[in-house]
Amino acid sequence: MIIKTATFVKSSGKWQDCPEANLPEYAFIGRSNVGKSSLINAMMNHKDLAKTSQTPGKTQLINHFLVNENWYLTDLPGYGYAKVSKSLRKDFEKLITNYILNRRNLVNLFVLVDSRHNPQKIDLEFIQWCGESGVPFSIVFTKSDKLKPGEVIKNFENYKSELHKTWEDLPELYITSAEKKTGGDEILKFIDTTNDFLTQNSVSFDE
Ligand code: GTP
Ligand code: MG
């Protein structure tokens, strides 16, 4: 997919305040600092469309970007950020889960995980919750430039084995680097194909 336009629409503190749900939407989620905002910028070929930071907890609101005037890309706050109070963390969780469960035009969630680590409990729990809640999702390995290619593959296979313990059918998995701008094209291809499918089948999100 060629990105002709990518514009920031708005930041919302709750799902009810998000832009009108009339276009297909794809959202990025994952632990704080995993690289959600950076990957959005890499895919959109835009240095600072989504705000990034070395300090976890940068994205605290739901941020909507309109792409090619016909679909939304959404940057969500990270989950599991340890350095905020328990009650604030609960508020973030509620914001995220309410958004996911209520946003009727949400077509697919991309769950980002750091390619350097073994499967983390918090991510596996979140993935489990998505499965149980019937939320369509894919998994995205981030920061693959920080490892040797062989190590990325090893961790990738390891992740698949971990998921196979629970799931027979695995979701789509992508390996990306925002730094090297790799892997984002595959995600865009998936979005493009899905959007075509929705158009061909006259799926409309208007109420
Ligand atoms: P929150 O908004 O806090 O939830 O974080 P986020 O998931 O949006 O992460 P963000 O994109 O802000 O990136 C966090 C840090 O990781 C920044 O210092 C980025 O430069 C770095 N980073 C993100 N993606 C990559 C990548 O692909 N490679 C490398 N080497 N660094 C990355
Ligand atoms: Mg962010």
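All ligand and atom numbering here is 1-based and tracks the order in the structure. Note that this is a predicted model, so its numbers are computed, not measured. The figures here come from the full heavy-atom set of this structure, side chains too, leaving out hydrogens, waters and symmetry mates.
Ligand 1 lies nowhere less than 4.0 angstrom from a heavy atom belonging to G30. For the ligand labelled ligand 1, residue T142 lies outside the 4.0 Å heavy-atom shell.
Ligand 1 has an N or O atom lying under 3.5 Å from an N or O atom of K36, backbone or side chain. Looking at ligand 1, you won't find any N or O of L39 less than 3.5 Å from one of its N or O atoms. Polar contact check, P77 against ligand 1: no nitrogen or oxygen pair lies under 3.5 Å apart. The shortest N/O to N/O separation between S32 and ligand 1 falls below 3.5 Å.
Considering only non-hydrogen atoms, atom 12 (O) of ligand 1 lies nearest to S53 out of G183, S37, S53.
Defined by atom type and a distance below 3.5 Å, a donor-acceptor pair is missing between the side-chain atoms of D114 and T142. K51 and N63 are not linked by any side-chain donor-acceptor pair at a separation below 3.5 angstrom, with hydrogens and angles left out of the test. In the model, N41 has no side-chain atom that pairs as donor or acceptor with a side-chain atom of T52 under 3.5 Å. No hydrogens or angles considered: a donor-acceptor pair under 3.5 Å links the side chains of Y26 and N195. Donor-acceptor pairing under 3.5 Å is lacking for the side chains of S115 and N155. Side-chain atoms of N158 and N118 form a donor-acceptor pair, as typed in the model, at a separation below 3.5 Å.
Neither the backbone nor the side chain of K180 has a heavy atom within less than 4.0 Å of ligand 1.
Sorted by first and then second residue, the salt bridge (charged side-chain N to carboxylate O under 4.0 Å, His left out) pairs involving residues 13-36 (not counting sequence neighbours) are K14-D17, E25-R103.
Here the two rings, on Y72 and F65, have centers that are 6.0 Å apart or farther.
Taking a cut-off of 2.8 Å, the protein N, O or S atoms nearer than that to the Mg ion (ligand 2) are S37 OG, T59 OG1.
Near D145, the atoms of ligand 1 lying under 4.0 angstrom from a non-hydrogen atom of the residue are 26 (C), 27 (O), 28 (N), 29 (C), 30 (N).
The existence of a salt bridge linking K154 and E151 is excluded, since no basic side-chain nitrogen approaches an acidic carboxylate oxygen closer than 4.0 Å.
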